[in-house]
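First comes the structure, then the notes that go with it.
In each ligand, atom 1 is the first atom listed, and ligand 1 is the first ligand listed.
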Amino acid sequence: MLIKTVKGTKDIMPNQVYRWHYVEKLFRNIAERYGYKEIRTPLFEYTELFSRGVGDTTDIVQKEMYTFNDNKGRSLSLKPEGTASAVRAFLENKIYAEPQPTKLYYETSCYRYEEPQSGRQREFHQFGVEIFGAESMLADAEIISLADEFLKECGIEELKLRINSVGCPSCREKYKSALRDYFRPHLSKLCDTCKVRFERNPMRIIDCKSPQDKELALGAPSILNYLCDDCKASFDELKENLDTLGIEYEIDPTIVRGLDYYTKTAFEFVTEKIGAQGTVCGGGRYDNLMYEIGEQDVPGVGFGLGIERLLLLMENCGVEIPEPDGMDALIVVLGEEARTIGLKLTNELRQKGLKVEMDLMERNIKGQMKHADRLGVRYAVVIGDDEILNGEAQVRDMRISEQKSVPFHRLYEELSK
Ligand code: ATP
Ligand code: MG
């Protein structure tokens with residue numbers, strides 16, 4: 001039986017890959033304009049990095065991770081997201097000892113054991129950026145601005161930015177107990193996961209996707225009424241910075257990241273155009289994460305942007321992605337001697353930078369001309385006995401079906417016109 005892709009994974013076939021190249025180029029370009037450097041980290045890490053860095057009360061760590069033991073019995077996990085690895089690399093390479101901030105960007109595949117559906121896969125890809133070392137809300141505004149600008153450059157206008165502040169561990173204590181007071185009378189109605197969250201991590205109840213819990217959460221107290229002076233001032237500053245940049249936003253107190261190392265800013269870019277999985281980009285500040293992973297006091301802020309969802313949205317919005325240019329020429333050969341000359345010519349023209357093919361199937365002339373059509377080449381360059389005698393090829397312009405003789409030594413000049 002034919003072996004198929006693993007559930008929740010997808011091939012990106014050659015006829016689709018240009019769409020990926022298109023957004024990758026835009027992302028790389030904008031990240032570099034904003035002064036970010038690319039980082040590439042391994043596909044798998046010690047499991048502990050994620051249980052500490054993502055949080056062992058999160059769904060990601062509890063239910064969604066691909067975890068396995070290697071031959072020596074060490075627990076390893078495939079990356080479920082990009083931030084923890086970037087933080088580890090920053091700590092391990094002692095980048096914190098250099099002048100800050102450190103501004104990083106990446107593209108990574110991520111792995112989560114989730115039920116596949118539109119916009120949700122088990123292997124998916126993210127663009128991400130992180131700023132380490134900057135406490136200022138200028139940093140938060142910068143990454144939001146980068147995401148906003150990038151999405152616009154992708155041709156998408158309808159994403160809505162939602163922002164919130166999740167406070168800091170000190171203001172959250174009061175908020176959590178207010179949340180428990182609110183949910184306590186409804187405890188029996190909450191889903192099983194949220195019954196556990198109630199004690200360990202009540203902020204995550206607000207994030208729950210079960211319809212019943214969602215409805216209950218509507219009346220829950222808002223974190224924004226519990227922020228301490230410092231967190232409140234930061235949130236105001238962020239809003240001012242976004243106003244200065246002319247970036248529109250809505251305040252949404254239901255965006256939570258209920259872990260102690262997430263602090264202050266939380267945001268999402270959401271759309272209704274790709275179905276239930278409408279969050280294309282999510283991010284925020286994590287001032288206590290470095291400490292959790294490596295006992296360094298370095299603030300951080302960043303986002304992750306799902307590439308599959310981005311491409312789906314672009315498709316649904318009718319964004320036209322230009323297809324790459326086709327081949328310049330196919331060298332069409334007739335006979336042994338022509339084949340040798342054709343092989344050499346193909347090589348020379350490629351070395352000079354043209355996109356040139358020779359038929360590897362050794363078809364007859366009719367077959368080769370058909371192949372030229374299929375490839376969509378601009379020119380078919382025909383070499384037969386007569387051409388060898390005269391030292392010139394028949395160059396056929398496939399678009400206008402016109403043909404002319406061109407000496408071999410002038411082929412490059414002619415074809416690169
Ligand atoms: P969701 O609400 O969809 O579960 P999340 O909160 O788990 O998202 P993050 O961990 O913030 O997502 O990841 C950042 C981005 O990565 C998401 O906004 C989304 O675009 C993308 N993403 C997350 N999980 C998946 C998945 N299983 N398949 C495809 N894209 C995903
Ligand atoms: Mg998720």
Under 3.5 Å, is there a donor-acceptor pair linking the side chains of [X] and [Y]?
X	Y	result
Ser109	Glu123	no
Gln351	Tyr412	no
Lys79	Thr108	yes

* Asked: Counting distance only, does the side-chain N/O of Arg285 pair as donor-acceptor with the main-chain N or O of Thr263 below 3.5 Å?
  ->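 No: the side chain of Arg285 does not pair with the backbone of Thr263.
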What protein heavy atom sits nearest [atom], and how far off is it?
atom	result
atom 11 (O) of ligand 1	Arg257 NH2, 3.8 Å
atom 8 (O) of ligand 1	Arg309 NH1, 4.3 Å
atom 22 (N) of ligand 1	Phe124 CE1, 3.4 Å

Assess whether a salt bridge exists between [X] and [Y], defined as any Lys/Arg side-chain N lying under 4.0 Å from an Asp/Glu carboxylate O.
X	Y	value
Asp373	Lys370	no
Glu115	Lys7	yes
Lys10	Glu308	no

Side chain proximity check, Glu240 to Met137, heavy atoms < 4.5 angstrom: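 No, too far: nothing below the 4.5 Å cut-off.
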Over 60° means perpendicular and under 30° means parallel, so tell me whether Phe269 and Phe267 are parallel, tilted or perpendicular.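 Judged by the thresholds at 30° and 60°, the geometry between Phe269 and Phe267 is perpendicular.
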- At under 4.0 Å between heavy atoms, which part of Cys281 makes contact with ligand 1: side chain, backbone, both or neither?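 The answer is the backbone.
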Any atom of ligand 1 sitting under 4.0 Å from a heavy atom of Gln121?
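Gln121 counts as a contact of ligand 1 under the 4.0 Å cut-off.
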**Item:** Contact with ligand 1 for Lys209, non-hydrogen, under 4.0 angstrom
**Value:**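 The answer is yes, since Lys209 has a heavy atom less than 4.0 Å from ligand 1.
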Flag [X] as yes when one of its N or O atoms lies below 3.5 Å from any N or O atom of ligand 1, and as no otherwise.
X	result
Gly306	yes
Thr279	yes
Leu305	no
Glu308	no

TODO: Specify whether the nearest protein heavy atom to atom 18 (O) of ligand 1 is under 4.0 angstrom away.
DONE: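 When distances to the protein are checked, atom 18 (O) of ligand 1 has a heavy atom within 4.0 Å.
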Per-atom contacts of ligand 1 with [X], taking only distances under 4.0 Å to non-hydrogen atoms:
X	result
Glu114	24 (N), 26 (C), 27 (N)
Val280	18 (O), 20 (O)
Gln126	13 (O), 14 (C), 15 (C), 16 (O)

Check: Phe127 ring centroid to Tyr105 ring centroid under 6.0 Å: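 No, the ring centres sit 6.0 Å or more apart.
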_Pick from Arg112, Glu64, Glu268, Arg122: the one approaching atom 5 (P) of ligand 1 most closely through a non-hydrogen atom_ =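 Heavy atom nearest to atom 5 (P) of ligand 1 belongs to Arg112.
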